[in-house]
**Student:** 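Please read through the structure below; I'll follow up with questions.
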Amino acid sequence: MNNLILDFEQAKSKHLLFKSRLRSILYDIDVDETPVLSHYECSVGKWIYGHALQAYGHIPEMYELERVHAEIHTSAKRLVALHKSGKTIEAKNGLSEMEAIADQLLGLLSTIEQKIQENILQPSVTTDMDIKLDEYFDLIRLNAELDKRIKHQIAENNRSAHQFETVLSALNEGITIHDANGTIQTANKSAALLLGMSIDEMKEVTSLFSRWDAIAEDGKAIPPAEHPPMLALKTRLPQINKIMGIRRPDGSLIWLQVNAQLLIDQENGELTGIVSSFFDVTSTRKATNDLKESEKRFRLLAEATPQMIFTANPLGDADYFNPQWLNFTGLKTEELVKWGWQKTIHPDDIRSTLDQYKFIRTSGDGGEFENRYQRADGQYRWHLNRMLPIKNEQAEVQLWIGTATDINDLKQLQDQKDDFISIASHELKTPITSLKASLQLLNKIKDNPSSKMLPILIEQANKSLDKVNALVKDLLNASRFNQGHLHLNKSKFIISKLIENCCNHVRLAGIYTIKTTGDMNIQVYADADRIEQVLINFVTNAIKYAPSSKEILIEIKKTNDIVKVSVSDKGPGIPKEKLSFLFDRYYRVDTNGIQYSGLGLGLYICSEIIKKHDGQIGVTSQLGNGSTFWFSLPLNS
Ligand code: ADP
């Protein structure tokens with residue numbers, strides 16, 4: 001190798017040394033930075049300014065070489081500055097750009113060398129720039145170290161890139177990574193599957209140009225610019241748990257829950273893109289919708305049914321009361337929920353209600369109990385409560401459904417029936433006992449037909465028998481009428497005549513006077529026996545329940561096509577709140593049966609008879625001021 005070649009080869013080596021130094025700085029290897037930062041201090045610089053410009057200045061490219069060399073150092077300084085300010089990636093990326101300029105330098109060195117060789121002039125070479133042995137070693141060491149680091153870095157990068165890819169493809173969630181314009185750069189397999197396009201088809205696509213028709217939960221279209229990734233870009237705010245329906249290219253609809261997170265450059269804080277993740281919520285949504293639908297149906301049903309319904313959680317906290325419950329109690333839902341409903345329970349029933357409520361809940365099987373709830377008007381009414389558990393597949397109670405049925409009337413009827421049986425037995429027992437006594441006495445005197453007692457006892461026995469007969473007749477009538485077996489045998493008759501005849505026995509007894517006034521000639525078309533039965537009942541009641549009122553007034557009054565007959569006494573009267581029940585079966589104002597005998601059937605029978613005649617029956621009464629029982633009959637029937 002001649003000196004000229006050696007000169008240029010040394011220059012190239014020195015350039016290589018510069019490059020190694022720069023790369024070392026950028027890869028954090030400790031080296032002297034001065035030769036990199038100053039183009040005068042660098043070995044190549046020293047060679048150019050101390051020797052080459054003088055020796056080869058006649059070659060024009062020599063000046064180009066000087067310019068490119070200075071440019072290399074300007075570029076190197078910039079990269080070192082970037083690296084030092086923490087922008088290491090940007091600095092490393094700039095390295096390749098700088099290498100391109102450095103290649104120019106090598107090219108220029110070769111050109112100059114070639115021109116000198118072709119030139120007749122003998123170049124003056126220098127031996128000053130002999131590259132020193134330790135610099136060579138330095139160079140070799142640096143390069144080896146660098147190679148190691150670069151290989152390691154490349155392997156690291158590959159590994160994390162691979163890991164990233166693996167994680168992406170393993171995710172069930174669909175992932176799309178968008179650039180700052182919203183264009184999809186990367187997508188994983190799940191995204192392709194969910195959105196119905198291949199990964200390649202999805203790349204370079206934005207929501208704006210996509211083939212996906214998106215709809216919101218209310219069915220309205222979501223414009224492409226408002227898809228979560230695009231919205232995140234526009235607003236610079238992450239979009240969290242957005243539900244959207246996507247019509248896939250094949251026409252099928254899928255519901256996605258979408259998140260769109262911002263990708264921010266950590267070095268300069270700029271928004272560089274969006275990561276969007278989404279998963280299929282079609283079946284969950286369907287289940288939720290189905291649940292909502294069945295809840296809606298339950299509510300409709302609960303609102304339509306006349307029964308009172310409530311629901312409670314497994315702990316027994318009530319959370320729903322249907323409108324019937326609210327109407328009955330006159331309270332608002334807020335006042336009844338949790339344990340608020342307790343305040344509507346009759347104080348005597350609270351303990352048993354809570355015990356049974358707890359027992360049913362802990363048994364988990366449902367059950368029934370009776371208690372009294374207070375109505376809005378203050379009245380307590382008996383209810384039959386039924387509780388039914390709704391269980392999940394694991395047989396765990398999810399919800400309790402409770403119903404309360406008003407059984408107050410039924411209960412009252414039951415009580416009345418019990419009362420009635422005891423009264424009826426008592427009523428029958430009295431005449432039967434006296435009949436028995438009469439018969440026993442008759443038995444004693446049977447051998448003495450001339451005894452004075454004989455006719456008296458026979459009359460007594462007959463009276464007792466009449467009473468039994470009347471009672472049995474009432475009972476039979478009541479049950480027959482109740483079954484609708486009341487047949488009328490109608491005829492025309494003058495009503496005042498009927499009154500006169502039927503009350504004769506009372507008049508004859510002389511204790512009570514009966515005064516009949518009004519339209520004495522009115523003729524009716526009715527069942528005379530039955531109407532007589534009604535009148536006798538009114539009159540005997542007046543005698544029975546108003547014994548001190550010696551005068552009974554009967555008034556016959558015609559208005560239009562109706563005749564009204566009223567029977568009034570001046571007795572104690574009847575409490576106002578009892579009036580509406582008087583014509584009910586078994587109803588007696590004095591229910592303990594001590595003061596007055598009776599089955600509570602008389603007025604019920606009267607009302608059935610009058611109803612059968614298409615007439616009306618009623619009572620007006622004032623406590624202490626007597627009572628007036630009346631009935632009316634249509635005249636043109
Ligand atoms: P009963 O057959 O037991 O007499 P009713 O059906 O005839 O029963 O009468 C029902 C109730 O109406 C009686 O228990 C009585 O208390 C009341 N009542 C009926 N008439 C009169 C009246 N004139 N004055 C006061 N109370 C009466």
Side-chain angles (χ1 to χ4, degrees), residues 419-481 485-487 489 493 497-516 527-552 554 567 569 571 585-586 588 590 592-606 608-609 629:
D419 282 354
F420 169 74
I421 289 170
S422 75
I423 291 165
S425 327
H426 179 81
E427 291 294 307
L428 283 167
K429 212 175 146 196
T430 318
I432 288 173
T433 313
S434 67
L435 177 63
K436 199 177 170 194
S438 305
L439 287 176
Q440 274 170 350
L441 287 173
L442 275 174
N443 192 37
K444 271 191 188 164
I445 57 163
K446 65 177 187 294
D447 301 327
N448 184 9
S450 60
S451 168
K452 280 181 189 166
M453 283 302 285
L454 196 67
I456 299 170
L457 288 173
I458 289 173
E459 200 194 327
Q460 258 178 14
N462 265 334
K463 268 190 185 167
S464 301
L465 210 59
D466 281 349
K467 273 190 185 162
V468 175
N469 201 25
L471 285 167
V472 172
K473 209 168 144 194
D474 268 3
L475 282 171
L476 277 176
N477 276 340
S479 84
R480 225 189 268 151
F481 291 0
H485 299 156
L486 170 60
H487 299 292
N489 193 3
F493 58 91
K497 290 259 162 58
L498 184 95
I499 294 168
E500 210 181 307
N501 290 338
C502 81
C503 296
N504 257 344
H505 66 287
V506 179
R507 284 195 193 93
L508 287 175
I511 306 168
Y512 297 92
T513 55
I514 296 175
K515 207 166 145 195
T516 311
D527 186 324
D529 287 343
R530 295 295 179 197
I531 298 298
E532 186 179 31
Q533 201 179 338
V534 174
L535 278 163
I536 290 177
N537 203 77
F538 281 6
V539 171
T540 32
N541 273 357
I543 294 168
K544 188 156 97 180
Y545 299 109
S548 52
S549 156
K550 302 293 179 214
E551 191 178 59
I552 298 165
I554 302 182
V567 178
D569 62 63
R585 252 201 316 173
Y586 315 125
R588 308 174 73 240
D590 174 26
N592 58 27
I594 294 167
Q595 208 175 349
Y596 301 108
S597 61
L599 295 174
L601 286 174
L603 290 177
Y604 165 72
I605 293 170
C606 293
E608 289 300 304
I609 292 172
F629 283 83

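Just the heavy atoms: all of them, side chains too, but no hydrogens, waters or symmetry mates, feed the values below. Since this is a predicted model, take the numbers as computed values, not measurements.
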**Student:** For the residue pair Phe629 and Leu603, what are the closest heavy atoms and their distance?
**Tutor:**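 In terms of heavy atoms, the two residues are closest at CE2-CD1, 3.5 Å.
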**Student:** Might you point out which heavy atoms bring Pro547 and Lys550 nearest each other, and give the distance in Å?
**Tutor:** O-NZ, 3.0 Å
**Student:** Can you give me the closest heavy-atom contact between His487 and Asp527, atom names plus distance?
**Tutor:** O-OD2, 3.9 Å
**Student:** So how far is it from Thr433 OG1 to Leu428 CG, rounded to the nearest 0.5 Å?
**Tutor:** 10.0 Å
**Student:** Quick one: closest heavy-atom pair of Glu608 and Leu486, and the distance?
**Tutor:**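 The pair with the smallest heavy-atom distance is O-CD2, 3.7 Å.
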**Student:** Which pair of non-hydrogen atoms, one from Val534 and one from Cys606, has the smallest distance, and what is that distance?
**Tutor:**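 Where Val534 meets Cys606 most closely, the heavy atoms are CA-SG, 3.8 Å.
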**Student:** For Asp529 and Asn489: C-alpha separation, side-chain torsions, deciding distance, then whether side-chain contact (heavy atoms from CB on, under 4.5 Å) applies.
**Tutor:** CA-CA 8 Å; Asp529 287 343; Asn489 193 3; over 6 Å; no
**Student:** Taking the side chain as C-beta and beyond, is there a heavy-atom pair between Ile605 and Asn537 under 4.5 Å?
**Tutor:** no
**Student:** Going by side-chain hydrogen bond (donor to acceptor under 3.5 Å, both in side chains), name the residues that satisfy it together with Glu532, two or more places apart in sequence or in a different chain.
**Tutor:**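 Glu532: no side-chain hydrogen bond (donor to acceptor under 3.5 Å, both in side chains) contacts found.
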**Student:** Taking side-chain hydrogen bond (donor to acceptor under 3.5 Å, both in side chains) as the test, write out the residues that go with Ser450, two or more places apart.
**Tutor:**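 For Ser450, the residues satisfying side-chain hydrogen bond (donor to acceptor under 3.5 Å, both in side chains) (neighbours in sequence not counted) are Asn448.
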**Student:** Under 3.5 Å, side-chain donor or acceptor atoms of residues 457-473 against the rest of the protein: list the pairs with distances, not counting sequence neighbours.
**Tutor:**
{"unit_1": "Ser464", "atom_1": "OG", "unit_2": "Ser434", "atom_2": "OG", "d": "2.7"}
{"unit_1": "Ser464", "atom_1": "OG", "unit_2": "Gln460", "atom_2": "O", "d": "3.1"}

**Student:** As an exercise, state the distance from CG of Leu435 to CD of Gln440, rounded to the nearest 0.5 Å.
**Tutor:**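 Separation between the atoms: 10.0 Å.
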**Student:** Is there a side-chain contact (heavy atoms from CB on, under 4.5 Å) between Ile543 and Ile511? Walk through the geometry before answering.
**Tutor:** CA-CA 10 Å; Ile543 294 168; Ile511 306 168; over 6 Å; no
**Student:** Say you draw a straight line from CD1 of Ile554 to CZ of Phe538; how long is it, rounded to the nearest 0.5 Å?
**Tutor:** 10.5 Å
